[in-house]
J.: 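The structure under discussion is supplied below as structure tokens; questions concerning it will follow.
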There are 2 protein chains.
Amino acid sequence: MPDKPLLDQLIDSLRCLPGVGAKTAQRMALHLLQRDRAGGARLAAILAEAMHSIGHCRSCRTLTEDEECRLCLNPERDDSQLCVVENPADVLALEQVTTYRGRYFVLGGRLSPLDGIGPTELGMADLRRRIETLRPRELILAMTTTVEGEATAHYVAEMAVDCGVSVSRIAHGVPLGGELEYVDGGTLAHAFAGRRQVNAD
Amino acid sequence: MPDKPLLDQLIDSLRCLPGVGAKTAQRMALHLLQRDRAGGARLAAILAEAMHSIGHCRSCRTLTEDEECRLCLNPERDDSQLCVVENPADVLALEQVTTYRGRYFVLGGRLSPLDGIGPTELGMADLRRRIETLRPRELILAMTTTVEGEATAHYVAEMAVDCGVSVSRIAHGVPLGGELEYVDGGTLAHAFAGRRQVNAD
């Protein structure tokens, strides 16, 4: 309704943000109007530009406003490793906490035939092309351990083997500092079955 | 830094929202980019317009994009009652839950000499003009019960009496459904001291 007061329209439109309900949206709108108009104006400008110009990197399919993202353009990254993740958020998480210096490929989801998400939707052809161009020595799988994640990992692993690339997968197990009694059963069973020999020096 | 990727700029600028830290900002940015571009674009447009054109109503000083807000322009509101509140949020709260049909005046804060907020900053001259124009029968004080709120209420009450208007104040006491043992001491003492006679019919 364009006839609503602008303040009400602002409160309504803030609710498109995840986790923001009516009360929080009202608090945000009043905060910006009363205390941080400059921040609000900057947010509006960047948001408009981002919604309009951010697309997918043509090499790794992560989110970027350029044709190719900075990670793909960076000549110092190691071409011999390629990490396959489900979402752009996974790239950000890995970049923030690991020392990984290789390349990425973002599927944008996981195989889920019931939702109409098959190999085409996930850009498996792009991934194969990426593998053939990059010729990495190691392909690292970093999918979740849900049923769909496992199926996706299996599919990607087969493709990599087909291309003659060795495949590894990030470790799943008990989180650091996690008390065994509070870890969920599936994780604990997985960690136990996947135990490794300790070599005392 | 204009050299940062646009996604990072978006995440940074979302942090101007109250209660939004680095993780939440990232989740919001990715949600908008991956699932709700239309909502994000609409938010950007309305936010830009709101930051630019929302000002204060010349009659009641609440937030509005017009010269006078809809509550002040509404001829069906009752001119005989004037409710004085601290913030625009208070107007929204009262409108949502009460059947009050009178007028409002928004101070935009409370008297706080240490922070440099005196009668001039709160537009007390505007309030006096509003009282003289409107000639209400009753002025309703709806400030908080902090020290500054009490001082502000006292100041406004004196002005109203000076203008020959009768003054009331919203009730402070135990919240509905509140268990006495969990109510804070100040509120309970206030509620006890402010007890009212019950007239059995």
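Within every chain, numbering begins at 1; the chains are lettered A, B, ... in the order of the sequence lines, protein sequences first and strands thereafter.
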J.: So which part of A:T64 gets closer than 4.5 Å to some heavy atom of chain B, the side chain, the backbone, both or neither?
T.: neither
J.: Just verifying a value: how many Å separate B:R42 CZ and A:L14 CG, rounded to the nearest 0.5 Å?
T.: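 Between atom CZ of B:R42 and atom CG of A:L14 there are 11.0 Å.
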J.: Which one of B:G40, B:G19, B:A44 has the most heavy-atom pairs closer than 4.5 Å to chain A?
T.: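 Between B:G40, B:G19, B:A44, the count favours B:A44.
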J.: Answer yes or no: are there more than 12 heavy-atom neighbours, outside B:H172 itself, under 6.0 Å from its atom NE2?
T.: yes
J.: So do the side chains of A:C16 and B:H31 get within less than 4.5 Å of each other, counting heavy atoms only?
T.: no
J.: For A:L63 and B:L30, what are the C-alpha separation, side-chain angles and deciding distance, and is it a side-chain contact (heavy atoms from CB on, under 4.5 Å)?
T.: CA-CA 9 Å; A:L63 293 165; B:L30 292 171; 3.5 Å; yes
J.: Look at atom CZ of A:R35 and say whether more than 12 heavy atoms of other residues, nucleotides or ligands are closer to it than 6.0 Å.
T.: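 Result for CZ/A:R35: open.
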J.: Is there a side-chain contact between B:Q34 and A:P88 in this structure, where contact means two heavy atoms from C-beta onward sitting under 4.5 Å apart?
T.: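 Yes, at least one pair of side-chain atoms sits under 4.5 Å.
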J.: Roughly how far, to the nearest 0.5 Å, is the CG atom of B:L92 from the CZ atom of A:R27?
T.: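 Answer for the CZ-CG pair, A:R27 versus B:L92, is 14.5 Å.
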J.: Less than 4.5 Å apart, any side-chain heavy atom of A:Q96 and any of B:Q26?
T.: yes
J.: Is it the case that more than 12 heavy atoms not belonging to A:E95 sit under 6.0 Å from its CD atom?
T.: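 Yes, CD of A:E95 has more than 12 neighbouring heavy atoms, counting only those of other groups under 6.0 Å.
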J.: Do B:L7 and A:E65 have side chains that get closer than 4.5 Å, going by heavy atoms?
T.: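 They are not in side-chain contact.
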J.: In terms of heavy-atom contacts, does CD of A:E67 have more than 12 from other residues, nucleotides or ligands at under 6.0 Å?
T.: no
J.: Rounded to the nearest 0.5 Å, how far apart are CD of B:Q9 and CG of A:L43?
T.: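 B:Q9 atom CD to A:L43 atom CG measures 12.0 Å (nearest 0.5 Å).
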J.: What part of B:T24 is in contact with chain A, defined as an atom under 4.5 angstrom from a non-hydrogen atom: side chain, backbone, both or neither?
T.: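 It is neither, since no heavy atom gets under 4.5 Å.
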J.: Taking atom CZ of B:R137 as the centre, report whether more than 12 heavy atoms of other residues, nucleotides or ligands fall under 6.0 Å from it.
T.: no
J.: Below 4.5 Å, heavy atoms only, C-beta onward: do B:E49 and A:L10 meet side chain to side chain?
T.: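 Side chain of B:E49 against side chain of A:L10, heavy atoms only: no contact under 4.5 Å found.
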J.: How far does CD1 of B:I46 sit from CG of A:L6, to the nearest 0.5 angstrom?
T.: 7.0 Å
J.: Just verifying a value: how many Å separate B:L33 CG and A:H56 NE2, rounded to the nearest 0.5 Å?
T.: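 One finds 8.5 Å between CG of B:L33 and NE2 of A:H56.
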J.: Does any non-hydrogen side-chain atom of B:L17 lie less than 4.5 Å from one of A:D36?
T.: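 They are not in side-chain contact.
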